[in-house]
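Every value quoted in this text rests on a predicted model; they were computed, and no experiment measured them.
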Amino acid sequence: MSDTGTRPSEQLPEGKIPPRVLREVLRRLGGGAGLDPGPASGEDAAVAAAGSEPRIVLAADPITFPSADPGWHAVVVNANDVAATGGEPRWFLSSILVPPGTDAARIVQIADGIRSGCREVGAIPAGGHTEVTAAARHEVVAGAMVGVAFPERVKPSGGAREGDLLVITKGIAIEATAIIATEYAEDVSRSFGSEFREPSARFLKDPGISVVPEARIAARTPGVHAMHDVTEGGVATAIREMTEASGLGAIVEEAKIPRFDESSRLMSHYGLDILGAIGSGALLVACSEAGTDRLLRRLGDAGIAGRVVGRFVRVAQGIVLERGSSRRELPRFEADEITRLP
């Protein structure tokens, strides 16, 4: 092992960098003085006390894959990270990088998407940078969201407690479903028909990849201790990140994990494991058993589906996936499942 945390001559796969490398990167950044939680593997955002209330919540995420509306997409995924920490999105900064030959009208469209996304989540476009560069093979929108949160509403990924129930909202692989139905439109239409493909491609908006509404509800519900946004690597990776950040294990009932029929059929068709497919739109919540009924009721009143799928346990019990009488370790994904597509 080298002093960078990587193996000699190791080439990293596409997507999120492996946790061991990320930990070394974070170590080199010098910790998070004044931040709680600070930069850490598995945390959605950092919270800065800034000497007063409310707290400042900071998150950054890029849109690096082709997207019909990368500006809107960047706003939503960054708002998700702020909201999943218990914050309210307030100000959005963006760096828009496009390849040479990009039409000026397209850059205006991206800006319109940013404006639309900010209106949707209650934030203000606060500026950033726009550049045409040969370093970009396609459009990249790197965003940063700044939000605010009262201390009692801060729910970091690492806040789960032993005995808490694990709740998932909406369903898994929502974002993967939209990406596949859009990027492989002809094949999906040929295999399933346009009446299947078109609603699948709209999964970004319906059921939607935003978790801001459910995170607002959860952050205000007594008994909620932690939240985490499902993104690259799917629900399995998100559960692992949440347990590792909390220093706990988990027992998850596979049959209870909510999934849409469109998602299941697409993952099966392309030979992908749905548990490891990018899943923005699902929020993980750790809630005390006493508070879970109230949480599910509040979510239901807002028209948001929520389901208990497991429980947090002692770390020595591991991270276990149960199906009937069979038990196995929760799968680990080094890269998101959709990166295996041709």
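Using a 4.0 Å cut-off between charged nitrogen and carboxylate oxygen, Glu88 and Arg153 do not count as a salt-bridge pair. The pair Glu254-Arg328 meets the salt-bridge criterion, with a side-chain N (NZ, NE, NH1 or NH2) lying under 4.0 Å from an Asp/Glu carboxylate O. Taking the charged nitrogens against the carboxylate oxygens, Lys256 and Glu322 have no contact shorter than 4.0 Å, which rules out a salt bridge. Between Asp301 and Arg298, no side-chain nitrogen of the basic residue sits less than 4.0 Å from a carboxylate oxygen of the acidic one, so the salt-bridge criterion is not met.
Looking at heavy atoms from C-beta onward, His269 lies in side-chain contact with Ser191 at the 4.5 angstrom threshold. Considering only heavy atoms from C-beta on, Arg307 stays 4.5 Å or farther from Glu253 through its side chain. The closest side-chain heavy-atom distance from Arg240 to Phe333 is not below 4.5 Å. Taking the side chain as every heavy atom from C-beta outward, Val146 and Arg90 never approach each other to under 4.5 Å. Annotation: side chain of Leu266 is not in contact with side chain of Tyr184 (no heavy-atom distance under 4.5 Å). Residues Ile274 and Arg259 are in side-chain contact: their nearest non-hydrogen atoms beyond the backbone lie under 4.5 Å apart. In this structure, Leu248 and Gln317 have side chains that are not in contact, with every pair of non-hydrogen atoms separated by 4.5 Å or more. With contacts defined as side-chain heavy-atom distances shorter than 4.5 Å, the pair Thr177/Phe260 does not qualify.
Rounded to the nearest 0.5 Å, atoms OG1 (Thr243) and CD1 (Ile251) are 12.0 Å apart. Thr292 contributes atom OG1, which lies 4.0 Å from atom CG of Leu165 (distance to the nearest 0.5 angstrom). With values rounded to the nearest 0.5 angstrom, Lys155 atom NZ is found 12.0 Å from Thr85 atom OG1. Once rounded to the nearest 0.5 Å, the distance linking OG of Ser157 with NE2 of His225 reads 15.0 Å. One distance of note links CD1 of Ile172 with CD1 of Ile278; it measures 13.5 Å at 0.5 Å rounding. Taken to the nearest 0.5 Å, the OG atom of Ser67 stands 6.5 Å off from the CG atom of Leu204.
For Glu139 against Pro70, the heavy-atom pair with the smallest separation is OE1-CG, 3.7 Å. The minimum heavy-atom distance between Ala282 and Asp229, with the atom names listed, is O-OD1, 3.8 Å. Nearest heavy atoms, Ala302 versus Ile217: CB-CD1, 3.6 Å. Closest non-hydrogen pair, Val82 versus Gly147, comes out as CG1-CA, 4.0 Å.
Just one residue in the list Thr130, Ile107, Val140, Thr133 forms a side-chain contact (heavy atoms from CB on, under 4.5 Å) with Val98, and that residue is Ile107. When each of Leu58, Asp61, Val141 is paired with Asn78, the side-chain contact (heavy atoms from CB on, under 4.5 Å) condition holds for Asp61 and for no other.
Within a 6.0 Å sphere centred on CZ of Arg314, heavy atoms belonging to other residues, nucleotides or ligands number 12 at most. A 6.0 Å sphere centred on CZ of Arg340 holds more than 12 heavy atoms belonging to other residues, nucleotides or ligands.
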| message | Working note: Glu214 + Thr169, criterion side-chain hydrogen bond (donor to acceptor under 3.5 Å, both in side chains); need CA distance, chi angles, decisive distance, verdict. | response | CA-CA 8 Å; Glu214 53 258 56; Thr169 66; 3.0 Å; yes
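Considering only residues two or more places apart in sequence or on other chains, Arg323 meets the salt bridge (charged side-chain N to carboxylate O under 4.0 Å, His left out) condition with none of them.
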